[in-house]
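All residue numbers refer to positions in the sequence shown, counting from 1. Since we're looking at a predicted model, the values are computed, not measured.
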Amino acid sequence: VQLQASGGGLVQAGGSLRLSCAASGPSFRNFHVGWFRQAPGKEREFVAAIMRSGTGSSTRYTDSVKGRFSISRDNAKNTVYLQMNNLKPEDTAVYSCAVTQIVWAYVEESRRYSNWGQGTLVTVSS
């Protein structure tokens, strides 16, 4: 599976963006998909994840984005989306997507993921 993230850009605080993670390969639906971000000078951090298809598509979010971000997947388009609303300057980072087949309990751990796509930069101005 190859992944490509897109949809980043410059937005004012309070604005919205929708990121896309487009995948190639017929087995995409068999993977959990995670979004991570890395701000300048900081470590990569978990943002959100969505369970593989056929399992109820459970989702998980880091506390700082709960109620503002929403992850979804469209298997027909081999794409996972991250809708980001009410953006804050602290959301500024490079956002990347990746896949994993690890048990759901570990989906927040970036080391469990592979096939990292090229990231997309999100900049939120105050």
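Within the model, atoms CZ of F28 and NZ of K77 stand 13.5 Å from one another, a figure rounded to the nearest 0.5 Å. Annotation: the span from E45 atom CD to S64 atom OG amounts to 5.5 Å, rounded to 0.5 Å. Atom CG in L10 sits 5.0 Å away from atom OG in S125 (nearest 0.5 Å). The distance from the CG atom of N78 to the OG atom of S20 is 12.5 Å, given to the nearest 0.5 Å. Atoms CZ and OG1, on R111 and T100 in that order, are 10.5 Å from each other to the nearest 0.5 Å.
Ring centroids of Y61 and F46 are separated by 6.0 Å or more, keeping the two rings apart.
Linking Ile, Leu, Val, Met, Phe, Trp and Tyr whenever their side-chain heavy atoms come within less than 4.5 Å leaves V107 and V1 in two separate clusters. In this structure, V47 is not a member of the same hydrophobic cluster as Y81, with clusters built from ILVMFWY side-chain heavy atoms closer than 4.5 Å. In this structure, V11 is a member of the same hydrophobic cluster as V65, with clusters built from ILVMFWY side-chain heavy atoms closer than 4.5 Å.
Across A93 and A39, no two heavy atoms sit closer than the pair CB-N, 3.8 Å. Looking at every heavy atom in both residues, N86 comes nearest to R68 through O-NH1, 3.0 Å. Scanning all heavy atoms of the two residues, the minimum distance from S114 to A98 falls at O-CB, 3.5 Å. A pairwise comparison of heavy atoms in C97 and A5 identifies SG-CB, 4.2 Å as the closest pair.
Figure legend: R52 and F31 shown without cation-pi pairing, the cationic atom not lying both under 6.0 angstrom from the six-membered ring centre and within 45 degrees of its axis. Cation-pi contact between R37 and Y95: absent, since separation from the ring centre below 6.0 Å together with deviation from the ring axis within 45° is not met.
The side-chain heavy atoms of V80 and W35, taken from C-beta on, include a pair separated by under 4.5 Å. The side-chain heavy atoms of S6 and L19, taken from C-beta on, include no pair separated by under 4.5 Å. No side-chain heavy atom of Q4 sits less than 4.5 Å from a side-chain heavy atom of C21. Taking 4.5 Å as the limit, some side-chain heavy atom of L87 sits within range of a side-chain heavy atom of F69. Contact of the D91 side chain with the M84 side chain is not registered, since no non-hydrogen atoms from C-beta on lie closer than 4.5 Å. For the pair T92 and E90, the minimum side-chain heavy-atom distance is 4.5 Å or more. Two residues are said to be in side-chain contact when any heavy atoms from C-beta on lie closer than 4.5 Å; Q83 and S16 meet this criterion. You'll find the side chain of W116 stays beyond 4.5 Å of the side chain of L3, heavy atoms only.
Remark: R44 CZ is packed, more than 12 non-hydrogen atoms of other residues, nucleotides or ligands lying under 6.0 Å away. Annotation for E109: atom CD counts as buried by contact number, over 12 foreign heavy atoms lying within 6.0 Å.
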Yes or no on side chain to side chain contact (heavy atoms under 4.5 Å, CB included) for I71 and R60, after CA distance, side-chain angles and deciding distance? CA-CA 9 Å; I71 188 172; R60 184 175 296 178; over 6 Å; no
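Between D63 and K66 there is a salt bridge, since at least one side-chain N of the basic residue sits less than 4.0 Å from a carboxylate O of the acidic one.
H32 places no side-chain N or O within donor-acceptor distance of the main-chain N or O of A49, the cut-off being under 3.5 Å.
Each of T79, L82, V99 was compared with V33 under the side-chain contact (heavy atoms from CB on, under 4.5 Å) criterion, and only V99 meets it.
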